[in-house]
Amino acid sequence: QVQLLESGGGSVQAGGALRLSCVASGRTFSRYGMGWFRQAPGKEGEFVAAISCSGISTAYADSVKGRFTISRDNAKNTGYLQMNSLKPEDTALYYCAAVVGGSYSLRTNAYDYWGQGTQVTVSS
């Protein structure tokens, strides 16, 4: 069992930046691939970024590529999502998720554990 806790959300103006954190407890974090997803009101959840257990491989949604950076510090059992050049359309509830095994997935149903989410609001 893995428990995930996100933090770092908030309200910023367009063009601003935030760094989300996801702290894992329970099992060895380094054995899990990790992903970030988001859901805006009235919309389906969508993939944002993912990273392999080693941190070597990453993937990004086209909408955030070049603006967001996913990373992890396995020694601290923590994953991160650095979000720069934020846009109003980035407004959503952001979730981190963990998947058993070394790789990652872009599919929400592939993930085994989820956090409660942290709200990001970007104003124009």
Side-chain angles (χ1 to χ4, degrees):
Q1 190 79 359
V2 174
Q3 293 81 41
L4 302 173
L5 181 63
E6 304 97 333
S7 63
S11 297
V12 296
Q13 291 192 325
L18 287 172
R19 187 175 81 155
L20 305 184
S21 297
C22 176
V23 178
S25 59
R27 293 290 182 91
T28 306
F29 181 60
S30 60
R31 295 178 181 174
Y32 294 83
M34 192 187 81
W36 287 93
F37 295 80
R38 66 187 182 187
Q39 186 165 22
K43 294 187 177 181
E44 299 261 336
E46 64 171 343
F47 166 77
V48 176
I51 188 167
S52 62
C53 63
S54 66
I56 293 175
S57 298
T58 59
Y60 295 92
D62 288 342
S63 59
V64 307
K65 204 171 291 184
R67 300 187 298 123
F68 290 11
T69 303
I70 189 171
S71 62
R72 64 191 296 160
D73 185 341
N74 288 338
K76 295 182 178 180
N77 284 355
T78 303
Y80 304 97
L81 184 68
Q82 177 67 44
M83 307 186 295
N84 298 330
S85 302
L86 283 161
K87 303 175 180 180
E89 50 264 43
D90 294 318
T91 295
L93 188 60
Y94 283 70
Y95 299 89
C96 70
V99 56
V100 176
S103 189
Y104 57 77
S105 174
L106 278 59
R107 297 181 294 110
T108 57
N109 60 7
Y111 285 80
D112 302 291
Y113 304 101
W114 291 82
Q116 294 298 306
T118 184
Q119 179 67 39
V120 172
T121 303
V122 185
S123 59
S124 56

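Side-chain atoms are counted along with the backbone in the values below, which use heavy atoms only and exclude waters and symmetry mates.
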Tell me whether [X] shares a hydrophobic cluster with [Y], the cluster being built from Ile, Leu, Val, Met, Phe, Trp, Tyr side chains joined at under 4.5 Å.
| X | Y | answer |
| --- | --- | --- |
| I70 | Y113 | no |
| F47 | W36 | no |
| V23 | W114 | no |

Applying side chain to side chain contact (heavy atoms under 4.5 Å, CB included), run through V99 and Y32 and close with a yes or a no.
-> CA-CA 5 Å; V99 56; Y32 294 83; 5.9 Å; no

For residues 107-124, pull every pair meeting salt bridge (charged side-chain N to carboxylate O under 4.0 Å, His left out), keeping only residues two or more places apart or in separate chains.
-> none

Could you check whether any side-chain heavy atom of [X] comes within less than 4.5 Å of a side-chain heavy atom of [Y], counting everything from C-beta outward?
| X | Y | answer |
| --- | --- | --- |
| Y111 | Y104 | yes |
| T78 | S21 | yes |
| Y80 | L20 | no |
| L93 | T118 | no |
| F29 | K76 | no |

Is it true that K65 and D62 make a salt bridge, defined as a side-chain N closer than 4.0 Å to a carboxylate O?
-> yes

Tightest non-hydrogen contact, residues C53 and G101, listed as CB-O, 4.4 Å

Residues C22, L4; criterion side chain to side chain contact (heavy atoms under 4.5 Å, CB included); working and verdict = CA-CA 6 Å; C22 176; L4 302 173; 4.0 Å; yes

Return yes when atom CD of Q116 has more than 12 non-hydrogen atoms of other residues, nucleotides or ligands closer than 6.0 Å, and no otherwise.
-> no

Counting only heavy atoms not in K43, do more than 12 sit closer than 6.0 Å to its NZ atom?
-> no

Considering residues at least two apart in sequence or located in another chain, which fulfil the side chain to side chain donor-acceptor pair (under 3.5 Å) criterion with N74?
-> R72

Would you give the length of the straight line joining atom [atom1] of [X] to atom [atom2] of [Y], rounded to the nearest 0.5 angstrom?
| X | Y | atom1 | atom2 | value |
| --- | --- | --- | --- | --- |
| Q119 | S11 | CD | OG | 7.5 Å |
| D90 | T121 | CG | OG1 | 11.0 Å |
| E44 | R38 | CD | CZ | 14.0 Å |
| T58 | F68 | OG1 | CZ | 14.5 Å |
| L5 | N77 | CG | CG | 12.5 Å |
| S105 | M34 | OG | CE | 14.0 Å |

Apply side chain to side chain contact (heavy atoms under 4.5 Å, CB included) to the pair Y94 and Q39, showing each step before the final yes or no.
-> CA-CA 7 Å; Y94 283 70; Q39 186 165 22; over 6 Å; no

Start with the C-alpha gap between V120 and T91, add the side-chain angles, then the distance that decides, and say whether side chain to side chain contact (heavy atoms under 4.5 Å, CB included) holds.
-> CA-CA 5 Å; V120 172; T91 295; 5.9 Å; no

Identify the residue among I51, T69, L106 that makes a side chain to side chain contact (heavy atoms under 4.5 Å, CB included) with Y60.
-> T69

For the side chain of T28 and the backbone of S30, is there at least one donor-acceptor N/O pair under 3.5 Å apart?
-> no

Can we call the ring centroids of F37 and Y95 under 6.0 Å apart?
-> no

